[in-house]
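Per chain, numbering begins at 1; letters A, B, ... match sequence-line order.
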2 protein chains.
Amino acid sequence: MTVLKSAVANAVKTARPARKEPLESAVENTELQLGELSEQLGYSLKRAQLKIFENFLRCVAPLQLTPAQFSVLLLLDKNPGRNQTEIANTLGILRPNFVAMLDGLESRELCARLRSTNDRRSHIVVLTDKGRAVLARAKKLVAAKHEARLNEILGPAKRAALLDMLATIAREL
Amino acid sequence: MTVLKSAVANAVKTARPARKEPLESAVENTELQLGELSEQLGYSLKRAQLKIFENFLRCVAPLQLTPAQFSVLLLLDKNPGRNQTEIANTLGILRPNFVAMLDGLESRELCARLRSTNDRRSHIVVLTDKGRAVLARAKKLVAAKHEARLNEILGPAKRAALLDMLATIAREL
DNA sequence: CGATAATTGTTATAGAGTATATCAAATAGC
DNA sequence: GCTATTTGATATACTCTATAACAATTATCG
């Protein structure tokens, strides 16, 4: 492997010393430098998104709702009378994948499929009373714990600016 | 299913009319209202992140590098002499999963594992010359196409503010 | 009106990414 | 020297995303 020759030479010289240094020096040598990586919007977005979803799951743990499920319930509440395809498309979920999602929510009696009277191929997806109640509780948890924490970290103005920028990216890119 | 009684009554009244309306009216009735969903930072983040990754893949398609692979190469370049665990931890990738990632990059001769002289359990992961060349090309594509597009959409000031906020979230949440 | 194309929900399957458990070899700590 | 911990690897499972195909239904067009 000739491609390794210069790599070998470099690695021998720069290999990080074994962990026998004083603690202070070890701290310095432990953290990797992100360098240009921290300027990559995609990377920063991904890391932030993961953190936010983790926080969501923790805050809403009593209700055992994922972000995606919460989104579905919100959308059903705001847009009564819509079929599966419409809900799925709006959320960027593919139709086959939305079936299982809906199965899960329906099995918990949070929503239901009703055969449409206008088009017998499709289902109108409706929130049940239980679903409405769970959604209300979820909204409270999200507002009081999840979004409040983000507001605390960023402040209202920055949070609003962030939302605006993200919407712009999603729309224009 | 008693939970459905009120849901049935509501659905019958509000079911979206079949697609027999004039076109103008149909346009109005097609778009779902996001309502509170658009105020959810997590949702907006996820949608933006997906868009950005799609754009990245398109811009860097000639080099067939995923965002994660690009991140690895950047980190290897910036932090010579580090082992697998360190690289993986920094990127939030679990050790077992990093093995396959590295297999892929190594099979393309973009990097190599060198058994460490300080600790024979571990590999120092090094960029090859080929890897360095591919990284340079990727950086150019990313700068000229991917990040430039984002800069175009947001402007430099907003882009910088966005990066800052995302870093804050990732650090504090 | 009939034939064809398109749509809706579903099933099956595959791929990518993430998480956990386990292991052998090596190292660290006492 | 013994035990605990670490490193990379393997195996496996789960979650999310994507594609193909199908039956039933609806839309379109001549």
Starting at the 5' end of DNA chain C, which residue's closest nucleotide do you reach first, B:Gly92 or A:Gln84?
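Between the two, 5'-proximity favours A:Gln84.
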Closest-nucleotide ordering on DNA chain C, the 5'-leading residue of A:Asn97 and B:Ala68
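This one resolves to A:Asn97.
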Rounded to the nearest 0.5 angstrom, the NE2-CD distance for A:His146 and B:Gln40 is 6.5 Å
What is the separation between atom [atom1] on [X] and atom [atom2] on [N], rounded to the nearest whole Å?
X: A:Leu57; N: C:dA19; atom1: CG; atom2: P; value: 11 Å
X: B:Leu94; N: D:dG8; atom1: CG; atom2: P; value: 14 Å
X: A:Asn118; N: C:dT8; atom1: CG; atom2: P; value: 13 Å
X: A:Lys46; N: C:dG17; atom1: NZ; atom2: P; value: 9 Å
X: B:Ile87; N: D:dT7; atom1: CD1; atom2: P; value: 13 Å
X: B:Asn83; N: D:dA9; atom1: CG; atom2: P; value: 11 Å
X: A:Gln64; N: D:dT15; atom1: CD; atom2: P; value: 12 Å
X: B:Arg95; N: C:dA19; atom1: CZ; atom2: C1'; value: 12 Å

Quiz question: going by heavy-atom distance under 3.5 Å, is there a donor-acceptor pair between the base of D:dG8 and the side chain of B:Arg121?
no
Can you tell me whether the side chain of A:Arg120 and the base of D:dT25 have a donor-acceptor pair closer than 3.5 Å?
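Counting by modelled atom types and ignoring angles, no donor-acceptor contact under 3.5 Å is found here.
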Check the phosphate of C:dG9 against A:Thr85, side-chain N and O only, distance under 4.0 Å to OP1 or OP2. Yes or no?
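A:Thr85 to C:dG9 OP1/OP2: side-chain N or O found under 4.0 Å.
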Taking 4.0 Å as the cut-off, does a side-chain nitrogen or oxygen of A:Arg113 come that near to OP1 or OP2 on C:dT10?
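It does, given that an N or O in the side chain of A:Arg113 lies less than 4.0 Å from OP1 or OP2 of C:dT10.
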Please report whether the ring centroid of B:Phe70 lies less than 6.0 Å from that of B:Phe56.
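Yes - the distance between ring centres of B:Phe56 and B:Phe70 falls below the 6.0 Å cut-off.
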Are the side chain of B:Ser44 and the backbone of B:Leu41 linked by a donor-acceptor contact shorter than 3.5 Å?
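No, B:Ser44 side chain to B:Leu41 backbone: no donor-acceptor pair under 3.5 Å.
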Would you confirm whether B:Arg159, through its side chain, and B:Leu154, through its main-chain N or O, come within 3.5 Å as a donor-acceptor pair?
no
Checking contacts here: which listed nucleotide (D:dT10, C:dG9, D:dT7) is nearest the side-chain heavy atoms of B:Val99?
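Nearest to the side-chain atoms of B:Val99, counting from C-beta on, is D:dT10.
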Of B:Asp103 and A:Pro96, the one whose closest DNA chain D nucleotide lies more 5'
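The 5'-side residue here is B:Asp103.
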Using every non-hydrogen atom in the two residues, find where A:Lys158 and B:Met165 come nearest and quote the distance to one decimal.
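Closest approach of A:Lys158 to B:Met165, heavy atoms only: O-SD, 3.2 Å.
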For B:Leu110 against B:Leu127, the heavy-atom pair lying closest together
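The pair with the smallest heavy-atom distance is O-CD2, 3.5 Å.
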The test is side-chain hydrogen bond (donor to acceptor under 3.5 Å, both in side chains); show your working for B:Asn83 and B:His123 and say whether it passes.
CA-CA 5 Å; B:Asn83 67 25; B:His123 293 119; over 6 Å; no
Need the bend value for the helix from C:dC1-D:dG30 to C:dC30-D:dG1: angle between end axes, 5 pairs each end, nearest 10°.
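The angle separating the two end axes equals 30°.
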